[in-house]
Amino acid sequence: MLIKLAGARVIDPAHEVNDVVRDLFVRDGRMVAGPKDGERIDRTWDATGTIAMAGAIDLHTHIGGGKVNIARALLPEFSRRDVLPGTDVCAACAGGPMPSTLAAGYRYTAMGYTACFEPAMLPVNARQAHLEMGDTPIVDKGAYALLGNDDFLLSQLATGADPREIRDYVAWIMHASHAIGIKVVNAGGISAFKFNQRSLDVDEPNAHYRVTPRQIVRELARAVHELGVPHPLHVHSSNLGVPGNVDSTLATIAAAEGLPIHLTHLQFHSYGTEGDRKFSSAAARIAEAVNAAPNVTVDVGQIMFGQTVTASGDSMLQHRNARHGRPGKWVVMDIECDAGCGVVPFRYRDRDFVNALQWAIGLELFLMISDPWRVFLTTDHPNGGPFTSYPHLIKLLMDRSFRNDVLASINPEAAQMSALAALDREYSLYEIAIMTRAAPARVLGLEDHGHLGVGAAANVVIYEPHEDPETMFARPRWVFKDGQLVAERGAIVAVTRGSIHTVKPGFDRGIERKLEPWFARYHTQSMASFRISDEEVCECGQAPRLVVHPCRAR
Ligand SMILES: [Zn+2]
Ligand SMILES: [Zn+2]
């Protein structure tokens, strides 16, 4: 079956194609150069005057795992609507900041997203995470396994284990949980919380293990790099949300010692202590450091005004946040030997000084970090706001006068303290395509995603140009997933199943001689049942394909 998408203006930054009118061809779910000699075109779609991009990739969105489900259960008023006779089922299930699995898959697809990555999969909970991701239709999925608060790693670091063993353990976890990367959340801090520490600075030792966040970040970044895992260590830095945490963030960059590192939801880690309220933007200092450090990539975690729910592995943070919950209910828990979990609903208000400044800080980061290949578009869904707000966020980046109008309507003291009014940068469509497609594919090691070259997965989004980017990005005319039309002008027209993306670095199985007795002694499940087989992950992930991406040569 050969399909032709005719006459679109193609924007494909991975091949430095910027707004060039050309035909695109798809055979059996893959991009191809064109018909073979004498080959008939089975179907032609007239895309004249439209804009074609590869399917978008969200590299940090909480769509699977225990805390997502807890958030749904805690907040039935947002996630569940009664389906009354005569109501549109999709509209009924799609509301709220924490959509159901089905609604998440449909809404991502309708916006032109074709792959989503869950950033906080606890290895002990990987089965459930894959089950929930598997229940999310159409989009491809992958997950980062959470390490850096697990008792095994901390005990190994505390007793000075050989870096080779750390590497073997990291690789073993990636295999066992079917991860594509490793994330560390508040390195050592979630463990410290269990020993009654209520904060942990980058050079402060965990009370029990006497290991510091700096050590943990450095050793994990090294292990991930030496294993050849394409995605650098994904880091939720220390002291999230705390005024003055700019110092922790800069110390975390330094802790990587030049190794690749990805700093996530950077907005929440870019705060100073200036001004009467002792809360200020440190975006300029952070952006300067990121611009000067080519080993660093970031995603922003932009906050959006309105109701949402925060869900994090960082129980230390969420315990601190609980008193700010709106509505006033919360859950914080420890997760056996792995980490923790906290769910707190939030309502970000534009008239609130802190919230308004957080909003401005996120935009400052987007506009001050110069290289769109190293800064990614996220709201840390649902923590800064639901992913459904992405088209609005794109408009804020592309349209300076719109941005300034919003700036004029927020808390005036916050607006005054922000540098935003002076930033006249406007993102181009080409830069949006980089930060939402080409760059996330590259930083994750997805060689056949995020571009429209020959051999790529035929994930193609056809947009109708519009003076309002929010309108353009909210409802593309057509979304093709693996060559099949799945959405048209905001409506789902076919339901398919996405692949699971993983990386499986080589390692020495000898590490199991240490792990097996550890599991027997401390875990509620044995090492053998902790590990998920390929067949099981495909079955619970409802995935037709488990894609194993190659590691990089060392
Ligand atoms: Zn995080
Ligand atoms: Zn997150």
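We number each residue from 1, following the sequence as shown. Atoms within each ligand, like the ligands themselves, are counted from 1 in listed order.
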Ring centroids only, cut at 6.0 angstrom: are His231 and Phe117 within range, meaning strictly under it? no

Taking the six-membered ring for Trp, is the centroid-to-centroid distance between Phe193 and His319 below 6.0 Å? yes

Parallel under 30°, tilted from 30 to 60°, perpendicular over 60°: which one fits the rings of Trp172 and Phe530? parallel

Parallel, tilted or perpendicular: ring planes of His265 versus His269, cut at 30 and 60 degrees: parallel

Interatomic spacing from NE2 in His324 to OG1 in Thr310 - rounded to 0.5 Å: 11.0 Å

Sort by chain and number the protein N/O/S atoms found under 2.8 Å from the Zn ion (ligand 2). His60 NE2, His62 NE2, Asp380 OD1

Only one of Phe473, Tyr108, Tyr106 forms a ring-ring contact (aromatic ring centres under 6.0 Å, His included) with Tyr113, so which one is it? Tyr108

